[in-house]
> 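Here you go, one structure.
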Amino acid sequence: MNLAESLLYAIREHGAREIFGIPGDFALPLFKVIEEAGILPFYTLSHEPGVGFAADAAARLRSAPAVAAVTYGAGALNLVNAVACAYAEKAPVVVISGAPGRGESGRGLLLHHQVKSLDSQFQIFREITCDQARLDDPRTAPEVIARVLHNCVTQSRPVYFETPRSAIFAECAPVTPLPPDPVDAEAVQACVDEVLLRLTRASAPMLMVGVEVRRFGLEQKVAQLAQLLGAPVVTSFLGRGLLANSSASVLGTYIGMAGDPELTEMVEQSDALMLLGVIVSDTNFGVSSRRLNLRHAIHAENGAVSLGYHIYPNISLEAFVDALLARATRVTATPSVTHTYPRGLLADDQPITPTDIARGVNDLFAAHGRMPLAADMGDCFFTALEMDNTELVAPGYYATMGYGVPAGLGVQAATGRRPLILVGDGAFQMTGWELGNCRRYGWDPIVLLFNNRSWEMLRVFQPESRFNDLDDWRFAALAEELGGIGRRVTTRAELAQALAHAVATPGRFYLIEIMLAPGAVSTTLARFVAGLTAARGA
Ligand code: S1T
Ligand code: MG
């Protein structure tokens, strides 16, 4: 087999099931092998940010690697923001970039796509991936590929392969995956001894689950653990959607002052808050109504467990959860607090608010079953928190725009399920046009476009700035030309009717352009901004 085939078989063996990409001359040999070997399903999109976001979302949904394949220079550097998002939010994206072949720079000419040096791109990706390799020698490639993919999976972070086009067809041995990292059983038991003592002695223990619980495929185990402990469970802001398909009764999402006051009180009053796989960031904790003293929390993330001033290094989240599961007993009575989500969209001639959209979606989920959700950054993401707890992919921490539409396509490619996409008009201007690729792959997302003709999330922070005003692009009118169906709605009755028609019309993407009343923002965003402003003021 050749080097590219050896790489692709190894990536598939590490759990990848799809490749998203855009070729270029330095990557033509690589893409030839991708297409002709058929080792993994392969989807081309229209712009590399979309390639990266689609791969990120597929990786998150399947808790396994997904591939973003690009050309050298213009392609790979276009991908940087999406890979940075994957790194920040721990999505195991495998980047493969074509590159100039051996000796191509030997003629003393600067190569097209070259930046400062031929090594510049490699250095840039060193900053946004957990491991990197240039595959220019088939003799060492199998061992190097095994190391990089092992790190991708065990750290759940993106990795980078640079494949010079001169090496692609070189004969290459298959890759032997590395064995799992060893677990120090004694250290794990000592850690669990101390954690169970803390939980048992606590009067109000509580679990908060974060993205690592999904990234390492631990949702069912964590749901079991919560039931055994009897401890109430919330998700972090970024962990929204976790445990949605498990037996655990999730009370809701912790967003401090921006969230449900009763739930916020429970979390911030807990004398043994156990954070499982939670990224300690300003979006997760920046709006705490009290300064959550994380020093008193039990925190298992990044392969270590810390409680108080004790740190147990080199304990994977999986090893910790397994050991806890083996010894957990009931430590408290699960409280009756259950979060109810707004329902009952009034089909009248009133203008539409973001909470009306949440009501309409919750009615849709109740009638037809929950759908996987892909949300962009903007008020649509905050509105998602008012929707029933369902699988959600969204850049809740890295907070980049442009994620929603390509991520929804990645969700459908990875799962075959029809996704619901939430996107603002500003973000749609960036990557919404990837919808034009739905027809050839048979994808049929329902897209709710929050059109407030504004960068509204910025306006709520700085109302005096007119640069937040956007033009009305009348997006729905373009849907038919792109192969989909478009509806522009201005009243709640029109929204209800369009949602019902969208669900009843599979097979094509269905874009509902929702004209929001000027200045209308979700309750959650309004409280989030107030909370962050107060916290910054403090
Ligand atoms: N560019 C990119 C790629 N990501 C960003 N997050 C930003 C810029 C800054 C930014 C936001 S929110 C926002 C911008 C420009 C406005 C979003 O507008 P739209 O999609 O229409 O949604 P809504 O009107 O609901 O706000 C965050 C704070 O950094
Ligand atoms: Mg907007």
Side-chain angles (χ1 to χ4, degrees), residues 47-53 56 77-89 128 237-238 255 258 281-284 286-287 351-358 374-387 394-408 421-435 447-463 465-476 488 490 511-533 535-536:
H47 194 204
E48 285 86 358
V51 166
F53 292 139
D56 173 300
L77 298 188
N78 239 357
L79 193 64
V80 167
N81 182 50
V83 176
C85 176
Y87 186 90
E89 302 194 8
I128 53 175
F237 186 60
L238 182 57
I255 36 180
S281 72
D282 58 354
T283 52
N284 277 337
V287 284
I352 302 164
T353 66
T355 300
D356 289 323
I357 300 172
D376 216 297
M377 182 39 62
D379 196 15
C380 62
F381 174 64
F382 293 88
T383 307
L385 301 182
E386 298 175 22
M387 296 174 183
Y397 161 47
Y398 183 70
T400 179
M401 288 162 70
Y403 185 87
V405 168
I421 296 172
L422 310 177
V423 58
D425 55 320
F428 192 94
Q429 290 178 12
M430 293 183 178
T431 58
W433 314 108
E434 293 291 353
L435 287 176
V447 184
L448 304 188
L449 198 161
F450 292 49
N451 191 351
N452 48 24
R453 282 90 55 220
S454 163
W455 286 328
E456 196 60 24
M457 191 172 157
L458 297 185
R459 193 194 304 279
V460 290
F461 282 106
Q462 194 166 297
S465 298
R466 290 193 312 282
F467 54 64
N468 290 315
D469 299 338
L470 299 180
D471 192 0
D472 180 357
W473 282 30
R474 307 190 70 82
F475 300 94
R488 181 175 163 107
T490 54
L511 175 64
I512 303 177
E513 180 182 11
I514 304 168
M515 305 314 290
L516 290 171
V521 295
S522 67
T523 316
T524 308
L525 176 58
R527 288 196 294 202
F528 191 84
V529 169
L532 265 186
T533 309
R536 284 177 184 157

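All ligand and atom numbering here is 1-based and tracks the order in the structure.
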> Considering all heavy atoms of both residues, which atom of V521 and which atom of D379 are nearest to each other, and what is their separation?
CA-OD2, 3.2 Å

> Just by distance, with hydrogens left out, do S454 and N468 show a side-chain donor and acceptor under 3.5 Å apart?
no

> Where do F528 and F461 land on the ring pair (Phe, Tyr, Trp, His ring centres under 6.0 Å) test, with the steps shown first?
CA-CA 10 Å; F528 191 84; F461 282 106; 7.8 Å; no

> Assess whether atom OH of Y398 is packed by more than 12 heavy atoms of other residues, nucleotides or ligands within 6.0 Å.
yes

> Output the set of protein residues with a heavy-atom contact under 4.0 Å to ligand 1, ordered first by chain identifier and then by residue number.
G378, D379, A399, T400, M401, G424, D425, G426, A427, M430, N452, S454, W455, E456, M457, L458

> I'd like a table of donor-acceptor pairs (distance under 3.5 Å, sequence neighbours excluded) in which one partner is a side-chain atom from residues 400-407, with atom names and distances.
residue: T400; atom: OG1; partner: N81; partner atom: ND2; Å: 2.9
residue: Y403; atom: OH; partner: D56; partner atom: OD1; Å: 2.7
residue: Y403; atom: OH; partner: R60; partner atom: NE; Å: 3.4

> Sort and list the pairs that fulfil salt bridge (Lys or Arg N to Asp or Glu O under 4.0 Å) and have at least one residue in residues 447-458, not counting sequence neighbours.
E456-R459

> Cut-off 3.5 Å, side chains only: do T431 and E434 have a donor facing an acceptor?
no

> Kindly indicate, with the supporting measurements, whether the criterion ring pair (Phe, Tyr, Trp, His ring centres under 6.0 Å) is fulfilled by W455 and F467.
CA-CA 8 Å; W455 286 328; F467 54 64; 7.2 Å; no

> Around the Mg ion (ligand 2), what protein N, O or S atoms are found below 2.8 Å?
D425 OD1, N452 OD1, S454 O

> Is the backbone of W473 close enough, under 3.5 Å, to the side chain of D471 for a donor and an acceptor to pair up by distance?
no

